[in-house]
Structures are given as structure tokens and as C-alpha cells.
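Order of the sequence lines fixes the chain letters, A, B, ..., with proteins taken first and strands second; residue numbering starts at 1 for each chain.
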Amino acid sequence: MKDIDEELVPQIKAVFENFDDEQSENGWAKLREKYPEKPNKKLPIWWVSIAAAAVLVAIGFLLTLDKTAQKSENGQQLVKQQPISKPKTDSIINQEIISKKDEELKSAKNSFNKKNNGQEREKSIIKKPIIADVKKETVIAKVGQPIKNESVTNPKVAVIQNPINQNAVVANKVDTAQKINTQNQVIANNNGAVVKDPIIVKKTTDQFLIDQSKILAQKPKEKQKPKETKSSIEVFSGTFLNYYADNAAKLNAGFGVNANVKLTKSLFVSFGAGVSQNKIEYQKSIPTEVSRSMSYSALDAANAATNNNPGATNSTSISDISINAQLLNFDIPVSLKFYPTKKQNFYISTGINSNTYLSQKYTYGYNLSNKNVLGITQTAKQEETEKSAVNGFDFATSAIFAIGINQNIGKNSFTFEPYFKPAIGNMGEKNLRINTVGLNLKFNFTSNKK
Amino acid sequence: MLNTQIPDNELINRCKNGDIHYQEMLYKRFYGYALGVCLRYLFNREDALEAVNDSFIKVFKAINTVQEDKSFKAWFRKVLVNTALDYKRKNMRFSQAIEMVDTEPQTTYSSAIDNLSAKDILALMKNLNETQHLVFNLYEVDGYSHKEIGEMLNIPESSSRTYLTRAKQALQSLLVTHSIYKR
């Protein structure tokens with residue numbers, strides 16, 4: 001064995017320590033084929049998948065909305081028709097018809113009166129409040145109840161005996177002068193239906209007054225335009241990918257609430273709060289800030305041993321470092337939203353995101369090598385974990401660039417918001433650098449505060 | 001400035017900025033050393049070059065963690081050995097298949113130990129079985145302890161000692177058989 005220990009081993013060391021095949025140029029050319037590595041293509045694939053999923057959700061959502069809208073339109077038509085067949089809602093119908101008829105009647109009266117100056121009696125009748133009775137009579141006929149008055153023989157009156165939904169159309173088409181004639185005839189011949197039923201006449205007059213007052217009370221509400229939105233609250237949830245340089249991307253999720261306050265017609269300021277999980281892995285590329293922040297306790301211990309006993313070791317080093325960080329963040333985003341179109345169906349947003357932390361966990365592994373004075377190197381794999389709770393506040397850790405696409409649901413809206421948040425500051429105790437791409441789904445509750 | 005004019009520590013510091021020019025300089029300075037280490041484990045130059053380049057890529061990425069007062073060469077050797085072993089593990093089946101063809105005892109050695117070339121040494125090593133060869137290299141040449149070798153090769157520490165003894169016996173036998181003596 002002496003030959004081996006004393007002669008062969010030193011010869012091996014000598015030969016291979018100074019080995020050179022003079023092919024370093026070729027070796028370097030080969031290395032350059034792999035280094036620097038091309039940008040990680042996994043991210044765009046993820047991103048395309050997320051975008052495709054978002055588009056599918058959007059299409060499904062729009063289809064559902066269309067169906068709902070159709071149903072509601074049909075429903076509204078039914079609702080409009082239903083009261084007409086019910087005598088209980090006569091007063092509402094009366095109001096609509098009366099208001100239309102009032103206008104038509106007035107214009108018709110003018111023209112009619114000009115043509116029939118001699119018919120003073122009729123004029124006076126028309127001018128009197130009894131018009132209400134006349135109209136009620138008309139409405140009674142329209143409601144579908146056959147006019148019992150035998151004297152009503154005018155075919156034009158017969159037309160308005162049809163159900164009101166048809167009458168509404170037909171009556172509008174009837175020339176106003178003819179209507180006056182018809183009504184006058186009804187008035188003239190109302191000894192039948194109206195007079196025969198004095199309760200109806202009395203009730204109609206009273207009801208008319210009540211209805212009129214209701215109309216006056218209701219009309220402003222109906223005509224009231226929706227107030228302009230000054231502020232809104234939105235809740236959101238999102239999924240996103242955290243990455244840095246060519247390290248593997250990590251999928252994360254979060255949720256929160258935002259307030260939007262109108263600055264100008266097309267500019268809003270948005271601020272809010274959210275909670276998100278942030279995982280990041282550094283293996284291939286470790287940011288300088290992170291590597292400086294890491295405390296390798298095993299390395300420190302080894303260095304301390306060296307300082308205390310300089311003869312013990314002469315070199316300590318670490319290699320193959322990987323760092324995993326897991327943060328539970330409290331996010332505070334502030335951004336400006338600009339709506340380029342009048343419809344305000346999409347917006348462009350930019351701002352900053354600040355963070356504080358509910359929990360932080362850092363796990364890092366590395367190989368620790370110690371070489372002693374005898375030249376024997378010892379290597380051990382090390383894994384260390386650090387945890388901390390609420391710790392510090394980092395202002396402007398990332399910028400926000402987002403595009404929001406709104407889909408209205410009544411007064412509220414649903415927003416798809418793809419975004420990109422490049423790191424502009426360090427996060428957490430270990431100064432993490434995290435870039436984020438993701439998609440927020442937001443539900444916006446619009447408030448009408450002036 | 002010529003490659004040789006920059007001290008190692010200075011060159012490493014410049015590489016920390018990611019300057020490809022200085023990385024190339026570092027590569028060429030340590031290329032021979034790196035290839036020598038990897039060849040001892042992988043025998044084949046192509047495989048060794050792959051391991052060398054993978055090791056350099058690791059070094060360039062983690063160079064910020066290198067401490068100025070520590071030996072770069074020792075740290076780099078560690079990276080090289082680990083990378084070579086990883087490479088060997090990944091290509092184990094393939095290398096075993098090759099070995100069955102190539103492991104005929106070598107007979108063309110120089111006449112004296114201190115005259116043995118790299119090629120002669122590799123030829124000698126090829127006569128050892130896989131684990132004997134690894135343990136011999138790790139313990140005798142690269143300075144790992146039996147405990148570390150046990151962890152690295154997933155074998156008991158005592159087995160590492162046994163493999164080393166057998167490797168030495170085999171090498172001694174080969175030296176005698178082929179009349180390789182000190183000049």
C-alpha cells in the first residue's frame with residue numbers, strides 16, 4: 001500500500017491538478033450555447049392558459065347574461081300586459097291613457113272646436129271635469145268589458161272595446177277628432193252604462209283625483225335619471241404567478257376589497273386592502289439583496305469555529321444554494337384608473353403596491369464545505385428555516401400595470417383585470433424581489449352618493 | 001489586461017457583476033483544473049466537459065455567495081465533484097452498459113509511477129469497480145471523509161472503508177502486475 005499512498009496518490013493529484021487539454025476555447029464556446037440561459041418559456045405558457053381560461057369564463061358569463069336579459073325582457077312584457085287584464089290596476093292604465101288622451105284631446109279639441117264653433121254645449125261639457133268620467137268610461141270599455149250601453153253603435157267605439165293591449169295600439173292610431181266624436185257620443189249616450197252604474201261614476205271621479213295625485217307623485221320618480229356614480233366598492237379575488245429572473249414561477253392566490261373614487265369623468269383613484277399568499281423560489285438566480293440578507297447559521301458557526309481555533313479549518317464555503325420563501329401578505333394597492341371611452345367599459349390602471357406581512361417563512365438549503373489544514377474537505381447538506389410573524393411595512397414594493405374589462409350587471413359590474421406587477425422594491429425580512437403576473441376577478445358594487 | 005495578470009480574488013469580484021468577459025477569463029483560467037477533476041470521475045472527455053460546463057454555470061449564478069477570504073478553488077472543487085457525481089447518477093445505466101464493453105484491463109502503462117500520464121492513471125482506475133473507483137477518488141484525492149462518502153454514495157461508512165481498502169489492493173496488484181515501479 002505504500003506505493004499507493006506515497007507515490008500513486010500524489011502523482012494523480014499532480015497530474016490532474018495541472019491538467020489541460022488546451023481546448024478551453026472550444027469548451028467556452030460549448031458553454032455559451034447554454035449560458036446565459038434563454039428566458040423561461042414556462043411563464044408565457046402559464047399565462048396563455050390563464051388568459052384562455054379567463055376568456056372562456058367571460059364567454060360563458062356573457063352567454064348567461066344574454067339569456068337572463070332575454071328572460072327579463074319577456075318577463076317585463078308579461079308584467080306590462082298582466083295589469084291590463086286586471087281591473088285592480090285600472091287606475092294605472094287610466095293614468096297612462098288619460099295623460100296621453102289629455103294631450104291628444106286638448107289638441108283635438110282645439111282643432112275640433114275650430115271646425116265646430118256652433119257646438120257650444122259639447123265644448124262646455126268637454127271643458128268640465130266630467131271629462132274624467134268620460135275617460136273612465138273609455139277605459140272601462142278598453143279593459144275589455146263590453147260596453148253595455150246599447151246606444152254605442154259607432155264602429156270606432158267598437159274598436160276600443162277590444163282588449164286594452166290592442167287598444168293601446170289602435171287607440172293611438174285613431175285620429176284625435178274621431179276620438180272626440182267617439183267620446184262625445186259616449187257622453188251623449190252614457191245614459192246606459194255609466195248612468196246605470198252610479199257607483200262606478202262616483203268612484204271613477206274620486207279615483208281619478210287620487211290617481212292624478214299619484215301620477216304627480218310618481219312621475220318625477222319615473223322620469224328621474226340615474227345619478228352619476230361618484231364612488232364604488234369592489235371585492236376581488238385573483239390568482240397570480242410569482243417569479244424572478246429564470247427561476248421557476250409559483251402559483252399564488254389572494255382576495256381583497258377596493259374603493260374607487262371619481263376624480264374626473266374618466267379618471268378614478270382606487271385604493272384598497274387585500275390578503276395574498278406569496279410563494280417564491282430562487283434557485284437558478286438569487287437576487288443580490290436576498291443573498292446578502294440570508295444568514296447561513298451553519299456557515300456562521302463554522303466561521304466562528306475558525307476564528308476561535310485558526311488551526312481547525314482554513315476554508316469554509318457554501319454552494320448549491322436554493323431559497324424558498326412563503327409570505328402571507330397584507331397588500332395595500334393604490335392606483336389610478338383611466339377610462340378611455342365614454343361607455344367606460346374598460347380601463348387602464350397604474351399604481352403602486354405596498355405590503356405588510358402576517359407571516360413569513362424562509363427555507364434555504366445549501367452545501368457547506370469545510371477544508372481543514374490537512375487538506376481534507378468535508379461537505380454537509382444544510383437546510384435552515386426561519387419564521388417570523390407581522391414584521392415591518394414595505395412601501396412601494398411593486399408597480400401595478402393593469403387593464404380592466406367591465407361587464408355591467410344592472411347597477412353593478414363584473415371586471416376581468418389582467419395585471420403585471422414588476423418588483424420596484426424589496427419585500428419582507430429577506431428583501432425578496434418578486435415579479436407578478438395574474439388575473440383579478442372583481443365585483444363592483446356601485447353606490448350613488450352625490 | 002491579460003488573463004494571468006488579474007489575481008483570482010479580483011477576477012471573482014469582477015465576475016460578480018455578471019460581466020461575460022471576466023466570466024470567460026475565469027473559465028479559461030480554471031478550465032484545466034475543472035476538467036482534471038471531472039475526468040477522474042467520468043473517464044470520458046465529452047462527459048467531463050459537460051460536467052465542467054454545468055459546474056461553471058452554477059458558479060456564475062452563485063458567485064455572489066463566494067466570500068473573498070475563502071478559497072475559491074476548494075469551493076469550486078466541491079461544485080465539480082457534486083456535479084460529476086450527479087452526472088454519473090443520471091447516466092448510470094448508460095455508463096454501466098459502456099463499461100461492460102470497455103472494462104478490459106489496461107496493459108499499456110509507463111514504467112514508473114511518477115511517469116504515469118493522465119491517460120495511464122485513468123486506464124488504471126478503469127480496472128476498479130464503480131464504487132471502489134469513486135471511494136478512492138473521493139477519499140484519497142478529494143479529501144472527503146468516510147462519513148461524507150457514505151452519505152454521498154448512500155452506503156454505510158464502514159462499507160466506504162472496505163471499498164477503499166479493496167481499491168488500494170487492486171491498484172497495488174495492478175502496479176505489481178504491470179511492473180510499474182518508482183523510477
- Query: In terms of heavy-atom proximity below 4.5 Å to chain A, should B:Val141 be classed as side chain, backbone, both, or neither?
  - Reply: both

- Message: How long is the straight-line distance from NZ of A:Lys34 back to CG of B:Asp54, given to the nearest 0.5 Å?
- Response: 3.5 Å

- Over all atoms of both residues, closest heavy-atom pair of B:Leu116 and A:Gln11: O-NE2, 2.9 Å

- Message: For a 4.5 angstrom cut-off between non-hydrogen side-chain atoms, does A:Glu17 reach B:Arg77?
- Response: yes

- Looking only at non-hydrogen atoms, find the nearest pair between A:Phe16 and B:Gly36 and report the distance. CD2-O, 3.3 Å

- Sorted by chain and number, sequence neighbours left out, salt bridge (charged side-chain N to carboxylate O under 4.0 Å, His left out) with B:Glu151 holds for none

- To the nearest 0.5 angstrom, please state how far the OH atom of A:Tyr35 sits from the OH atom of B:Tyr27. 13.0 Å

- Against chain A, label B:Phe136 side chain, backbone, both or neither, depending on which of its atoms sit under 4.5 Å from a heavy atom there. side chain

- Nearest 0.5 Å please: distance from the CG atom of A:Asn247 over to the NZ atom of B:Lys61. 8.5 Å

- Picking from A:Asp21, A:Asp20, A:Asn26, which has the most non-hydrogen pairs under 4.5 angstrom with chain B? A:Asp21

- Query: Does atom CZ of B:Phe56 have more than 12 heavy-atom neighbours from other groups under 6.0 Å away?
  - Reply: yes

- Query: With only heavy atoms counted, which part of B:Asn137 is less than 4.5 Å from chain A, the side chain, the backbone, both or neither?
  - Reply: neither

- Message: For the CZ atom on B:Arg166, are there more than 12 heavy atoms of other groups (residues, nucleotides or ligands in this structure) within a distance under 6.0 Å?
- Response: no

- Message: Quick check: do B:Tyr31 and A:Glu22 have side-chain heavy atoms less than 4.5 Å from each other?
- Response: no

- Specify which of B:Val66, B:Asn64, B:Ile57 makes the most heavy-atom pairs with chain A at under 4.5 Å. B:Ile57

- Just how far is it from atom CD of A:Glu25 to atom CD of B:Glu24, taken to the nearest 0.5 Å? 6.0 Å

- Over 12 foreign heavy atoms within 6.0 Å of NZ, A:Lys30: yes

- Note on the structure: If you tally heavy-atom pairs under 4.5 Å between each of B:Lys73, B:Glu50, B:Lys147, B:Met152 and chain A, the highest tally belongs to B:Glu50

- Could you state the interatomic distance from NZ (A:Lys13) to CG (B:Asp142), rounded to the nearest 0.5 Å? 8.5 Å

- Determine, stepwise, if the pair A:Arg32 / B:Gln23 fulfils side-chain contact (heavy atoms from CB on, under 4.5 Å). CA-CA 11 Å; A:Arg32 291 287 282 136; B:Gln23 288 176 346; over 6 Å; no

- Query: To the nearest 0.5 Å, what is the distance between NZ (B:Lys58) and CD (A:Gln283)?
  - Reply: 10.0 Å

- Heavy-atom pair with the smallest gap, counting every atom of B:Leu171 and A:Leu8: CD1-CD2, 3.9 Å

- Query: So do B:Tyr139 and A:Val9 actually touch side chain to side chain, heavy atoms under 4.5 Å?
  - Reply: no

- Full working for side-chain contact (heavy atoms from CB on, under 4.5 Å) between B:Met125 and A:Ile12: CA-CA 11 Å; B:Met125 294 290 178; A:Ile12 293 171; 3.2 Å; yes

